[in-house]
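What follows is a short report on a single structure.
Chain naming here is simple, since letters A, B, ... match the order of the sequence lines and numbering starts at 1 in each. Since the model is a prediction, treat every value here as computed from it, not as a measurement.
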Amino acid sequence: MPELPEVETLARELGMALVGRSIVAVEVCWPRSVAAPDPGTFVSRLTGRGIRDVRRRGKWLLLGLDGGEWLLVHLRMSGRLTVGRSDAPGDPHTRVVFYLDNGQRLHFSDPRKFGRMVLTAYPEEWLGDLGPEPLDPDLTPERLAEILQGRRMRLKPLLTDQRVLAGLGNIYADEILWRAGLHPLRRADTLTREAVARLHRALREVLEEAIARRGTTLADQRYVLPDGRPGEFAVSLAVYGRAGEPCPRCRALIVRTRIGGRSAHFCPQCQRFEHRG
DNA sequence: CAACCGACCTGTTCGC
DNA sequence: TGCGAACAGGTCGGTT
């Protein structure tokens, strides 16, 4: 569920709540949520550790700990991280709980159990295959053109490939392609210079606007901020989840199809496959 | 290299 | 109303 804007928002807001705190106890309710090390080692190495940094890489959340180790968290489809008082009401999907020195708890809740945590001194071993950050200033239009060059993949699966760019998922890939006026089935190596420039601009605009609105909370409310409030970008979605509704740009009806086993939404008028632009 | 499929999981929505 | 099928923001590994 959470993509780059959601994890970026979490990193910022969790940072305010967690940096300077320390972990006094850890409870692992669902051992498989801890990918490494084994849960016993995970708990003993975390107990008593201070949190000095919270950041994001792709869709991973990174908590920097005193002593140089990192706690990596990937929320996958249904993971949620919230901070609350000790007497917070019980959640049947709680998988891991971190007890903090100020009486608060960091809750990891995850109904589908896909989310994973890793405690490691070598985060690059887990993050090494990730492509560049879409919002990195070094990712210029020229650099994006090099990335797309020679790739025969269709744009939609390419954008969600974490080795190509880090952090895009199903929602933002659809929104970015709509903003850029590019068909999701268009082959990456067929883009003109001008089309790459549009894609580059769309990447930055969509992601920056979504971060400014603190991410997308859909109807199921699975993604929320650490204090439980929703993100506000859902109302700004142009195509995702809007099949049959008019395109905000041209009023043609949004189409939903299936690409690489995932849903894809686009405007058949604004995003023409035949256009070489 | 590119595409597709099943796994991994549970909860919610859809269609008959 | 009831019930099973289909579907969900992600990723991985194996096959074609």
Side-chain angles (χ1 to χ4, degrees), chain A residues 1-10 29-36 56-61 72-81 91-96 108-118 125-131 134 147-178 184-190 206-207 210-211 213-225 230-244 256-265:
Chain A
M1 135 178 125
E3 306 179 26
L4 187 155
E6 289 74 37
V7 183
E8 177 66 27
T9 301
L10 278 177
C29 310
W30 181 256
R32 296 185 62 183
S33 294
V34 179
R56 177 193 62 77
R57 172 79 172 100
K59 298 175 193 172
W60 286 88
L61 193 71
L72 312 186
V73 183
H74 199 303
L75 300 170
R76 295 285 181 92
M77 295 284 268
S78 64
R80 164 190 290 183
L81 282 170
D91 172 352
H93 304 116
T94 294
R95 307 303 178 202
V96 183
F108 175 62
S109 165
D110 185 22
R112 292 180 70 177
K113 301 176 178 172
F114 288 166
R116 290 292 179 266
M117 296 189 175
V118 176
E125 287 180 3
W126 295 82
L127 310 175
D129 288 340
L130 292 177
I147 289 171
L148 300 178
Q149 186 182 19
R151 312 268 338 206
R152 304 182 63 196
M153 259 203 277
R154 305 166 298 183
L155 286 175
K156 174 69 188 284
L158 187 82
L159 288 183
T160 55
D161 186 332
Q162 302 301 295
R163 296 165 303 185
V164 176
L165 288 175
L168 303 184
N170 216 30
I171 294 179
Y172 294 106
D174 281 358
E175 293 298 311
I176 288 162
L177 288 172
W178 175 81
L185 290 176
R186 181 85 173 266
R187 305 268 158 179
D189 60 2
T190 68
V206 169
L207 294 176
I211 290 169
R213 298 237 175 272
R214 299 195 211 84
T216 300
T217 297
L218 297 176
D220 66 12
Q221 301 276 95
R222 212 31 233 172
Y223 162 74
V224 293
L225 306 186
E232 319 237 293
F233 191 68
V235 293
S236 302
L237 295 176
V239 290
Y240 185 86
R242 298 202 185 281
R256 174 191 155 122
T257 183
R258 197 151 272 276
I259 301 174
R262 327 250 3 238
S263 65
H265 313 72

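In terms of polar N and O atoms assigned as donor or acceptor, the side chain of A:Arg112 comes within less than 3.5 Å of the base of C:dA8 in a complementary pairing.
When the P atom is compared between B:dC8 and C:dG4, the two are found 22 Å apart, to the nearest whole Å. B:dG6 and C:dA6: their P atoms are spaced 12 Å apart (whole Å). The separation of B:dC9 from C:dG2, taken at their C1' atoms, amounts to 24 Å, rounded to a whole angstrom.
Using a 4.0 Å heavy-atom criterion, one finds that A:Met77 contacts the bases of the nucleic acid, with or without backbone contacts as well. When heavy atoms are screened at a 4.0 angstrom cut-off, A:Arg256 is found touching the sugar-phosphate backbone but no base atom. Base contact: A:Leu218 has a heavy atom under 4.0 Å from a base atom. Residue contacts shown for A:Arg80 are absent, as no nucleic acid heavy atom lies under 4.0 Å away. Looking at heavy-atom distances under 4.0 Å, A:Ser263 makes contact with sugar-phosphate atoms alone, never a base. Contact annotation for A:Pro2: no contact, since no heavy-atom pair falls under 4.0 Å across all strands. Among the protein residues, A:Tyr172 comes within range of no part of the nucleic acid, since none of its heavy atoms lies under 4.0 Å from any strand.
As rounded to whole Å, 10 Å separates atom P of B:dG11 from atom CZ of A:Arg222. The nearest whole Å value for the distance from the NZ atom in A:Lys156 to the C1' atom in B:dA2 is 17 Å. The distance from atom CG of A:Asp91 to atom C1' of B:dG11 is 13 Å, rounded to the nearest whole Å. With rounding to whole Å, A:Asp110 atom CG is found 9 Å from B:dC9 atom C1'. Between the CG atom of A:Leu75 and the P atom of B:dC8 there is a distance of 22 Å, given to the nearest Å. Counting to the nearest Å, the P atom of C:dG10 and the CG atom of A:Asp174 are 10 Å from each other. The distance between atom CZ of A:Arg152 and atom C1' of B:dA2, rounded to the nearest whole Å, is 9 Å. Going from atom OH of A:Tyr240 over to atom C1' of C:dG10 covers 12 Å, rounded to whole Å.
If you check the side chains of A:Glu3 and A:Tyr223, you find no donor sitting under 3.5 Å from an acceptor. If you check the side chains of A:Arg222 and A:Ser109, you find a donor sitting under 3.5 Å from an acceptor.
With respect to A:Arg187 and A:Asp189, no salt bridge is recorded, no charged nitrogen being found less than 4.0 Å from a carboxylate O.
Of all heavy-atom pairs between A:Asn170 and A:Arg262, the closest is OD1-CB, 4.0 Å.
Contact annotation: A:His93 side-chain N/O to B:dG11 OP1/OP2 distance is under 4.0 Å. Using a 4.0 Å cut-off, some side-chain N or O of A:Arg258 falls inside it from OP1 or OP2 of C:dA8. Within the 4.0 Å cut-off from OP1 or OP2 of B:dC9, at least one side-chain nitrogen or oxygen of A:Arg32 is found.
A:Pro134 is listed as a side-chain neighbour of A:Leu4, based on a closest heavy-atom distance under 4.5 Å. For the pair A:Tyr240 and A:Thr216, the minimum side-chain heavy-atom distance is 4.5 Å or more. Between A:Met117 and A:Val73, the closest side-chain pair of non-hydrogen atoms falls below 4.5 Å.
Rounding to the nearest 0.5 Å places CZ of A:Phe108 at 12.5 Å from NE2 of A:His93.
Checking side-chain atoms of A:Arg151 against main-chain N and O of A:Ala188 turns up no donor-acceptor pair under 3.5 Å. Judged by distance alone, the side chain of A:Gln162 and the main-chain N or O of A:Leu168 form a donor-acceptor pair under 3.5 Å.
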Check nucleotides 11-14 of chain C for protein N or O atoms closer than 3.5 Å to its own N or O atoms and list the pairs.
from   : atom 1 : to      : atom 2 : distance (Å)
C:dT11 : OP1    : A:His74 : NE2    : 2.8
C:dT11 : OP2    : A:Lys59 : NZ     : 2.7

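Listed by chain and residue number, nothing satisfies the salt bridge (Lys or Arg N to Asp or Glu O under 4.0 Å) test with A:Arg152 (two or more places apart in sequence, or in another chain).
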### Task
For DNA chain B, just give me the dot-bracket, please: Watson-Crick or G-U, both distances below 3.5 Å, ( ) intra-strand, [ ] crossing earlier pairs, | paired with another strand, . unpaired.
.|||||||.|||||||
